[in-house]
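Okay, so here's the structure we're looking at.
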Amino acid sequence: MKYALLSDVHANLPALDAVLADIAGRGDVDATYHLGDLVGYAPWPNEVVERLHSGGIQGVSGNYDSTVAANYTHCGCRYEDPRQEALSHESFAWTRGHVSPSTKELLARLPFRLDVRPLGGHATGPTFTLVHGTPLNNTTYWTEDRPDAFCLKMAAVAGARAGDLIAFGHTHKPWHRVVGGMHFLNTGSVGRPKDGDWRAGYVLVEVDAAGAIAAERVRVEYDVERAVDAIRRSDLPNEFAGYLRHGGQVPATE
Ligand SMILES: [Fe+2]
């Protein structure tokens, strides 16, 4: 079984479409799941949610999805400085003002977590637990520098055992570690990478008949200028356009 796992689309339709075309073009991907944060920061929240819904792509609720659906006071995001915090509030207000009732309903229905058994629930073999942030909540940032003890604690919360995999996003920076025989996989971000690479990111995970797991990180070029133009033409902060162009690491001169 081969899976495509994608996260943090953040209303970036050209990036999502490029990733879905890349997955379809491979011809050997059995199932695709998203790991949440479908909306926020770019101007296509309704289109992104509709694209995934009509494509039958299931997934879990990111902090942006659940806070928009619940009319919460903010997106549950972490801010690195006051300017970022102000921009983040603008994005949240914009998104709340532009999601349609049906989009909001679809966001509200997203489950917190999905468990997948690639070899079938009748057989022993790995369980994939899909969440947005951690198995505890969708707001905690599970970064690569977390100690092994943190990974093991989250595995215990999820009920994971050796041979299983926990996949998540939220930090927008992809990484993969094996601790205690369990795979911890951050899939990165489709529509708002923060690792300095502007291309849309997702992960392919393959499980063989013996239950062995192999993960492959994929980056896909997309029409980033279409996203840049659309952000500039919208009431969203123009800073979000430069952010996409530079993979979240905007030079101080810009
Ligand atoms: Fe996100």
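The figures that follow rest on heavy atoms only: side chains count, while hydrogens, waters and symmetry mates do not.
- Under a hydrophobic clustering in which Ile, Leu, Val, Met, Phe, Trp and Tyr are joined whenever their side-chain heavy atoms come within less than 4.5 Å, directly or via other members, Ile23 and Ile57 fall into the same cluster.
- Between the side chain of His246 and the backbone N or O of Gly248 there is no donor-acceptor pair closer than 3.5 Å.
- A donor-acceptor pair is defined here as one N or O able to donate and one able to accept, closer than 3.5 Å; no such pair exists between the side chain of Ser91 and the backbone of Leu87.
- Here the side chains of Val190 and Asn12 are not in contact, with every heavy-atom distance at 4.5 Å or above.
- Residues Leu185 and Val179 are members of separate hydrophobic clusters, defined by side-chain heavy-atom contacts under 4.5 angstrom among Ile, Leu, Val, Met, Phe, Trp and Tyr.
- Between Arg117 and Asp115, none of the side-chain N atoms (NZ, or NE/NH1/NH2) sits under 4.0 Å from a carboxylate O, so this pair counts as no salt bridge.
- Glu50 has its side chain out of reach of Glu47: every pair of non-hydrogen atoms, C-beta onward, lies at least 4.5 Å apart.
- In this structure, Leu6 and Val9 approach most closely via the heavy-atom pair CD1-CG2, 4.0 Å.
- Note that NE2 of His170 is 10.0 Å distant from OG1 of Thr143, once rounded to the nearest 0.5 Å.
- Rounded to the nearest 0.5 angstrom, Phe240 CZ and Ser88 OG are separated by 6.5 Å.
- Judged by distance alone, the side chain of Asn238 and the main-chain N or O of Ala241 form no donor-acceptor pair under 3.5 Å.
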Stepwise side chain to side chain donor-acceptor pair (under 3.5 Å) check, Thr103 with Asn46: CA-CA 6 Å; Thr103 294; Asn46 298 309; 2.6 Å; yes
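- Arg51 places no side-chain N or O within 3.5 Å of a backbone atom of Leu20 that could act as its donor or acceptor partner.
- The minimum heavy-atom distance between Ser234 and Ile231, with the atom names listed, is OG-O, 2.8 Å.
- A salt bridge links Glu105 to Arg109: at least one charged side-chain nitrogen sits closer than 4.0 Å to a carboxylate oxygen.
- If you chain together hydrophobic residues whose side chains sit under 4.5 Å apart, Val131 and Phe184 fall into the same group.
- Residues Thr129 and Met154 are not in side-chain contact: their nearest non-hydrogen atoms beyond the backbone lie 4.5 Å or more apart.
- Side-chain contact check for Leu52 versus Val48: some heavy-atom pair is nearer than 4.5 Å.
- Between Pro126 and Pro118, the shortest heavy-atom distance links the atoms O-CD, 3.1 Å.
- Asp30 places no side-chain N or O within 3.5 Å of a backbone atom of Tyr3 that could act as its donor or acceptor partner.
- Shown here are the ring-ring contact (aromatic ring centres under 6.0 Å, His included) partners of Phe168, two or more places apart in sequence or in another chain: Trp142, Trp175.
- Residues Val60 and Leu16 do not share a hydrophobic cluster, defined by chaining ILVMFWY side chains whose heavy atoms lie under 4.5 Å apart.
- A chain of hydrophobic side-chain contacts below 4.5 Å, direct or via other Ile, Leu, Val, Met, Phe, Trp or Tyr residues, connects Val157 to Phe150.
- Considering only heavy atoms from C-beta on, Asp65 stays 4.5 Å or farther from Asn138 through its side chain.
- The side-chain hydrogen bond (donor to acceptor under 3.5 Å, both in side chains) analysis of residues 146-162, with sequence neighbours excluded, yields the pairs Asp148-Arg177.
- No salt bridge links Asp22 with Arg199; every basic N to acidic carboxylate O contact stays at or beyond 4.0 Å.
- Distance check: His34 NE2 to Leu110 CG gives 5.0 Å after rounding to the nearest 0.5 Å.
- Pro45 and Val99 make their closest contact through CB-CG1, 4.0 Å (heavy atoms, listed as atom of the first residue, atom of the second, distance).
- With values rounded to the nearest 0.5 angstrom, Leu130 atom CG is found 6.0 Å from Leu5 atom CG.
- Residue Pro193 comes nearest to Tyr243 through the heavy atom pair O-CE2, 4.2 Å, listed as atom of the first residue, atom of the second, then distance.
- Under the rule for a ring-ring contact (aromatic ring centres under 6.0 Å, His included), the partners of Tyr64 that lie at least two apart in sequence or sit in another chain are His10, Tyr41, Phe92.
- At least one side-chain heavy atom of Tyr222 sits under 4.5 Å from a side-chain heavy atom of Val224.
- Using a 30° and 60° split on the angle between ring planes, His89 and Tyr79 fall in the tilted class, from 30° to 60°.
- Considering CG of Leu35 and CG of Leu114, their distance stands at 9.0 Å, rounded to 0.5 Å.
- One N or O on the side chain of Gln249 and one on the backbone of Lys194 form a donor-acceptor pair closer than 3.5 Å.
- The backbone N or O of Arg192 lies less than 3.5 Å from a partner atom in the side chain of His172, making a donor-acceptor pair.
- For the residue pair His176 / His183, a side-chain donor-acceptor distance below 3.5 Å is found, with atom types taken as modelled.
- A donor-acceptor pair under 3.5 Å is formed between the side chain of His98 and the backbone N or O of Trp94.
- Screening Arg219, Arg217, Lys173 against Asp195 for a salt bridge (Lys or Arg N to Asp or Glu O under 4.0 Å) leaves a single residue, Arg219.
- In this structure, Ser189 OG and Leu244 CG are separated by 9.0 Å, a value rounded to the nearest 0.5 Å.
- Side-chain N or O atoms of Asp164 include one that pairs as donor or acceptor with a backbone N or O of Thr127 at under 3.5 Å.
- Within the 4.5 Å cutoff, no side-chain heavy atoms of Phe128 are placed close to those of Met1.
- Proximity of Asp8 to His132: side-chain heavy atoms (C-beta onward) are separated by under 4.5 Å at one or more points.
- The two residues Leu236 and Ala42 have their closest heavy-atom pair at CD1-C, 3.5 Å.
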